[in-house]
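What follows is a single structure, written as structure tokens, with notes after it.
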There are 2 protein chains.
Amino acid sequence: MGDVYKALADPTRRAILDELRDRAGQTLFELCTRLLGKGFTSSRQAISQHLAVLEDAGLVVIRREGRYIFIDLDTSPLQQIYERWGIGPCASDT
Amino acid sequence: MGDVYKALADPTRRAILDELRDRAGQTLFELCTRLLGKGFTSSRQAISQHLAVLEDAGLVVIRREGRYIFIDLDTSPLQQIYERWGIGPCASDT
DNA sequence: ACGATATGCAAGCTGCTACTTGCATGTCAA
DNA sequence: TTGACATGCAAGTAGCAGCTTGCATATCGT
């Protein structure tokens with residue numbers, strides 16, 4: 001299992017997570033097109049490599065169907081950040 | 001203002017945040033000693049550079065007094081992670 | 001004032017990371 | 001089956017990030 005923090009370190013990867021949050025189950029091609037529309041100039045291969053990193057970190061779930069892949073966001077690995085330094089609006093005292 | 005995500009990407013920097021969570025207001029020297037005791041082999045200069053990154057990201061507050069510096073943890077920048085992909089135990093539905 | 005202590009600054013080296021390029025694989029439609 | 005489409009794989013390249021090294025600065029005790 002890869003490093004969640006390292007996965008979050010890249011701006012393009014964060015943009016991918018943003019994109020998946022706005023629209024789940026996107027195809028790689030869809031994702032590339034939409035990122036291009038938002039000013040990112042990454043190639044398909046670059047995005048694919050980023051997806052591999054995100055998948056390895058558990059932040060993304062990829063399911064294959066025919067010649068397409070469908071990508072979904074999984075935010076549960078982010079929870080370890082809370083648990084480690086315990087902040088945020090709700091993890092307050094008692 | 002630096003990048004919070006990039007600041008979190010390095011294991012040594014995360015160890016620094018851990019250390020500051022356990023004991024606030026540490027000196028640079030104190031910090032180095034304690035990290036050494038935990039298996040980290042970083043030099044003082046390395047730690048100092050890490051601190052600069054953490055300070056730039058707002059994750060750490062450094063106050064200078066005489067020939068010492070006192071370092072404190074500030075977890076508030078982490079909140080943007082929650083707000084961006086909104087997860088965790090409490091940011092649930094409704 | 002002088003030495004010791006605590007930290008700052010800057011240049012150079014190295015390894016990793018993101019990107020590109022080119023080709024391979026596999027799926028669907030006709 | 002054949003061609004077009006969607007994705008996978010791998011090697012090579014460039015830039016940056018973290019580390020070291022060496023010296024500079026500043027503060028405290030005596």
Side-chain angles (χ1 to χ4, degrees), chain A residues 1-20 23-72, chain B residues 1-20 23-72:
Chain A
M1 192 57 109
D3 190 336
V4 180
Y5 301 98
K6 263 189 186 169
L8 289 175
D10 187 88
T12 305
R13 282 197 287 268
R14 294 197 293 271
I16 291 177
L17 297 182
D18 287 338
E19 190 52 54
L20 292 173
R23 172 181 291 224
Q26 288 193 53
T27 280
L28 174 57
F29 228 75
E30 228 178 315
L31 199 56
C32 290
T33 308
R34 293 176 142 258
L35 286 174
L36 274 181
K38 290 191 176 176
F40 287 85
T41 59
S42 314
S43 68
R44 177 186 60 84
Q45 288 85 346
I47 304 285
S48 188
Q49 285 168 353
H50 282 308
L51 280 179
V53 175
L54 289 170
E55 188 184 26
D56 195 50
L59 285 165
V60 139
V61 178
I62 299 181
R63 76 174 184 282
R64 287 150 227 277
E65 254 176 61
R67 61 177 157 177
Y68 299 101
I69 66 173
F70 297 99
I71 311 158
D72 280 292
Chain B
M1 195 45 114
D3 190 337
V4 180
Y5 302 97
K6 262 188 186 168
L8 290 175
D10 188 88
T12 305
R13 282 197 288 268
R14 295 197 293 270
I16 292 177
L17 297 182
D18 287 340
E19 191 51 53
L20 291 173
R23 172 181 291 224
Q26 287 192 53
T27 280
L28 173 58
F29 228 75
E30 227 177 317
L31 199 55
C32 291
T33 309
R34 293 176 142 256
L35 285 174
L36 273 180
K38 290 190 175 177
F40 288 84
T41 59
S42 314
S43 69
R44 178 187 61 83
Q45 288 85 346
I47 303 284
S48 189
Q49 286 167 354
H50 281 309
L51 280 178
V53 175
L54 289 171
E55 188 184 25
D56 194 51
L59 285 165
V60 139
V61 178
I62 299 181
R63 76 175 183 282
R64 286 150 227 277
E65 253 176 62
R67 61 177 158 177
Y68 298 101
I69 66 174
F70 297 98
I71 311 158
D72 280 292

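So that the names make sense, note that chain A is the first sequence line, chain B the second, and so on, each numbered from 1. In this text the structure is predicted, and so the values were computed from the model without any measurement.
Between the CD1 atom of Ile62(B) and the P atom of dA6(C) there is a distance of 17 Å, rounded to whole Å. In this structure, the CG atom of Leu28(B) is 15 Å from the C1' atom of dT27(D), given to the nearest Å. Taking atom CD of residue Glu30(A) and atom P of nucleotide dC5(D), one finds them 17 Å apart after rounding to whole Å. Atoms CD1 (Ile47(B)) and C1' (dC9(C)) sit 17 Å apart, rounded to a whole Å. In this entry the distance linking CG of Leu31(B) with P of dG8(C) reads 12 Å, nearest Å. If you measure from atom CG of Asp10(B) to atom P of dC16(C), you get 13 Å, rounded to the nearest angstrom. One atom, CD1 of Ile71(A), and another, C1' of dA6(D), lie 12 Å apart when rounded to the nearest Å. Here dT7(D) presents its C1' atom at 15 Å from CD of Glu65(A), a figure rounded to the nearest Å.
Distance check: Ile47(A) CD1 to Arg13(A) CZ gives 11.0 Å after rounding to the nearest 0.5 Å.
Of the candidate nucleotides dG18(D), dT20(D), dT5(C), dT5(C) has the atom lying nearest to any side-chain atom of Arg67(B).
When the side chain to side chain contact (heavy atoms under 4.5 Å, CB included) test is applied to Gln26(B), the partners found at least two apart in sequence or on another chain are Glu19(B), Leu20(B), Arg23(B), Glu30(B), Leu31(B), Arg34(B). With sequence neighbours left out, the side chain to side chain contact (heavy atoms under 4.5 Å, CB included) criterion links Leu36(B) to no other residue. Applying the side chain to side chain contact (heavy atoms under 4.5 Å, CB included) test to Phe70(A) and every residue at least two apart in sequence or in another chain returns Thr27(A), Arg63(A), Glu65(A), Tyr68(A). Looking at residues two or more places apart in sequence or on another chain, you find a side chain to side chain contact (heavy atoms under 4.5 Å, CB included) between Ser43(A) and Gln45(A), Ala46(A).
When side chains are defined from C-beta on, Leu8(B) counts as touching Leu59(B), because their heavy atoms get closer than 4.5 Å. Residues His50(B) and Leu35(B) have side chains not in contact (no heavy-atom distance under 4.5 Å, counting atoms from C-beta outward).
Two residues, Gly66(A) and Thr41(A), neighbour DNA chain C, and the one matched to the more 5' nucleotide by heavy-atom proximity is Thr41(A). Taking for each of Gln45(A) and Ile69(B) the nucleotide of DNA chain C with the nearest heavy atom, the 5'-most of the two is the partner of Ile69(B).
In this structure a side-chain-to-backbone donor-acceptor pair under 3.5 Å is present from Arg14(A) to Ala9(A). Ser48(B) places no side-chain N or O within donor-acceptor distance of the main-chain N or O of Arg44(B), the cut-off being under 3.5 Å.
Side-chain nitrogen and oxygen atoms of Arg64(A) include none within less than 4.0 Å of the OP1 or OP2 phosphate oxygen of dA6(D). Side-chain nitrogen and oxygen atoms of Ser43(A) include none within less than 4.0 Å of the OP1 or OP2 phosphate oxygen of dC19(C).
Within 4.0 Å (heavy atoms only), Arg44(A) reaches at least one base atom of the nucleic acid.
From one end of the helix from dA1(C)-dT30(D) to dA30(C)-dT1(D) to the other, with five pairs defining each end axis, the axis direction shifts by 30° (rounded to 10°).
Residues of residues 48-58 of chain B having a heavy atom closer than 4.0 Å to DNA chain D, listed by number: Gln49(B), His50(B).
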